[in-house]
J.: 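Pasting a structure here, questions to come.
Chain letters run A, B, ... following the sequence lines, proteins first and then strands; every chain starts at 1.
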Protein chains: 2
Amino acid sequence: MAPRVSEEHLRQRRADLLKAAVAVFMERGYERTTMKHVMEAAGVSRGGLYQYFANKEDLFEAVLEERLEDSAEETDRMLEEASSYWNLLLKVMFGGETVPDAEMDPLAASSLEFFITGRNDERRRIYGEKRYDLGLSIYRKVIEAGQASGEFSDYYEGELVARSIVTFFDGLALDHAILPEEKVRVKDQSEMLVDYLKLALGVSSS
Amino acid sequence: MAPRVSEEHLRQRRADLLKAAVAVFMERGYERTTMKHVMEAAGVSRGGLYQYFANKEDLFEAVLEERLEDSAEETDRMLEEASSYWNLLLKVMFGGETVPDAEMDPLAASSLEFFITGRNDERRRIYGEKRYDLGLSIYRKVIEAGQASGEFSDYYEGELVARSIVTFFDGLALDHAILPEEKVRVKDQSEMLVDYLKLALGVSSS
DNA sequence: GTTTATAACGACACAAGTGTCGTTTTGTTA
DNA sequence: TAACAAAACGACACTTGTGTCGTTATAAAC
């Protein structure tokens with residue numbers, strides 16, 4: 001269906017493969033999916049898939065990369081329409097809404113799997129760190145900006161507060177991946193986190 | 001080295017296999033270790049290992065089980081010498097010491113791996129839940145007892161506070177597994193958690 | 001409409017791990 | 001010390017997943 005390139009068709013096919021891959025990774029997780037699963041989901045031959053991605057790791061990283069771009073744009077957009085740093089922080093934490101809900105990224109579990117099983121692999125560890133830093137920096141910037149403006153207390157080091165948010169969300173994602181919905185109580189726990197942040201950052205209750 | 005049983009030698013051999021297995025799992029993680037690795041570490045043949053454990057999953061569960069027994073005894077011991085519920089809570093959280101340190105269970109990462117990669121497997125998920133509940137119940141009991149005695153505020157539901165502790169520690173374990181020591185700041189983050197619990201449980205600073 | 005570069009295909013060879021099972025070895029018992 | 005039950009052994013057959021590569025089909029260029 002495509003000899004001698006055509007640029008757009010190449011991009012399209014790659015996008016189709018990624019889309020199929022995302023669905024499979026969500027369904028089966030990282031370790032348990034094989035290239036064959038993706039091939040079948042995408043309706044593509046072995047060679048067809050390997051033409052675009054050298055192996056499963058490469059494929060998964062491409063998936064992560066794609067989704068990171070999406071969320072980066074979203075964050076930029078939110079940075080502009082922020083009315084206060086506290087509000088902005090809530091938006092960044094809960095994605096648009098300023099109120100915690102029970103939604104979690106359906107690919108989060110597979111990502112955790114990807115990084116934790118690869119923790120002894122040099123390449124993957126470095127990549128994991130990069131991603132962690134990126135996620136952290138979003139929170140850190142908002143908090144430090146809020147502290148600089150005087151809206152937030154600087155009793156705690158901004159970076160440390162940011163790390164705690166990330167840690168807590170990581171734990172939430174982990175428990176959410178393993179436990180049934182009703183046990184994790186994502187919403188309740190998120191609300192507690194918000195209460196805590198109010199105290200830690202000296203924000204008077206809204 | 002052992003025909004027609006002898007009871008003690010059987011137990012001993014099993015213990016030796018488990019010891020070797022723990023070392024390997026710590027070193028390599030769950031997914032990346034094979035039965036062969038354990039065989040070599042224990043200096044035992046293939047058949048010798050399979051005589052005691054039906055497969056890797058069975059082996060790892062045996063490892064977990066063994067360590068759970070150890071810590072259960074430790075917890076019981078601590079329950080008796082508790083001077084206050086707050087103190088007891090700290091001891092349970094940080095294992096004997098009432099001050100957070102940067103130590104983490106060296107098998108924690110492999111456990112996370114075990115449960116997260118097996119999250120789509122019925123059997124393993126049930127087992128994971130059981131373990132989670134067990135860990136949770138320790139915190140829940142201490143907190144609810146403290147609330148009943150009036151030492152702790154009951155502004156937050158005790159179980160929810162307990163869940164938050166577990167979630168936070170899970171996140172910490174996860175980040176610790178993936179990131180280099182200096183980035184996670186286990187000690188600093190633990191201290192923040194303690195500050196938070198003081199507020200949430202209405203404990204005046206010691 | 002012919003040519004051509006190459007995307008897509010799928011059979012294949014290879015590697016890694018698993019669990020089994022017939023054989024060997026060795027405590028234990030009589 | 002002879003006989004035995006079973007612990008320990010390790011070769012083997014099997015399964016699963018991977019990445020490659022020669023072949024085939026086709027969109028674009030002429």
J.: Closest-nucleotide mapping onto DNA chain C: is A:Q51 or A:G47 further toward the 5' terminus? I mean the 5' end.
T.: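 Going by which nucleotide is closer to the 5' end, it is A:Q51.
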
J.: So A:F53, base contact, sugar-phosphate only, or nothing? Heavy-atom distance under 4.0 Å.
T.: nothing

J.: How long is the line joining CG of B:L49 and P of C:dG17, in whole Å?
T.: 15 Å

J.: If I take atom NZ in residue A:K36 and atom P in nucleotide D:dT20, what distance separates them, rounded to the nearest angstrom?
T.: 19 Å

J.: Please step through side chain to side chain contact (heavy atoms under 4.5 Å, CB included) for the pair A:L197 and A:M93, ending with a clear verdict.
T.: CA-CA 12 Å; A:L197 289 174; A:M93 287 171 63; 3.7 Å; yes

J.: Determine, for B:F114 and B:R124, whether the Lys NZ or Arg CZ falls below 6.0 Å from the six-membered ring centre while staying within 45 degrees of the axis.
T.: yes

J.: What nucleotide among C:dG10, D:dC9, D:dG19 has an atom nearest to a side-chain atom of A:S45?
T.: C:dG10

J.: Could you check how far CZ of A:R46 sits from C1' of D:dT24, rounded to whole Å?
T.: 19 Å

J.: Expressed as a whole number of angstroms, how long is the span from A:E57:CD to D:dG19:P?
T.: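 Taking atom P of D:dG19 as the reference, CD of A:E57 is at 10 Å.
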
J.: What's the verdict on side chain to side chain contact (heavy atoms under 4.5 Å, CB included) for A:V184 and B:R163, showing C-alpha distance, side-chain angles and the deciding distance?
T.: CA-CA 8 Å; A:V184 195; B:R163 272 189 207 283; over 6 Å; no

J.: Please confirm whether the shortest side-chain N or O distance from A:R13 to OP1 or OP2 of C:dA8 is below 4.0 Å.
T.: yes

J.: With distance as the sole test, does B:E31 use its side chain to make a donor-acceptor pair with the main-chain N or O of B:E113 at under 3.5 Å?
T.: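 No, the answer is negative, given that no donor and acceptor are paired below the 3.5 Å cut-off.
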
J.: With respect to the side chain of B:K56, which nucleotide from C:dA11, C:dA8, C:dT18 is positioned closest?
T.: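 So the nucleotide nearest the side chain must be C:dT18.
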
J.: Does B:Y52 put a side-chain nitrogen or oxygen below 4.0 Å from OP1 or OP2 of D:dA8?
T.: yes

J.: For A:Y30 and D:dG17, give me the distance from atom OH to atom P, rounded to whole Å.
T.: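 Going from OH in A:Y30 over to P in D:dG17 covers 14 Å.
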
J.: What integer distance in Å separates B:M39:CE from C:dA16:P?
T.: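 B:M39 atom CE is separated from C:dA16 atom P by 15 Å.
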
J.: Measure CD/A:E8 against C1'/D:dA27 and give the value in whole Å, please.
T.: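 For the pair A:E8 CD and D:dA27 C1', the rounded distance is 15 Å.
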
J.: Measure the distance from CG on A:N55 to C1' on D:dG17 and round it to the nearest whole Å.
T.: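 Answer to the nearest Å: 13 Å.
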
J.: With B:K56 as the cation and B:Y30 as the aromatic partner, state whether NZ or CZ is under 6.0 Å from the six-membered ring centre and within 45° of the axis.
T.: yes

J.: To the side chain of A:Y50, which of D:dT18, D:dG10, C:dA8 is closest?
T.: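 Of D:dT18, D:dG10, C:dA8, D:dT18 is nearest to the side chain of A:Y50.
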
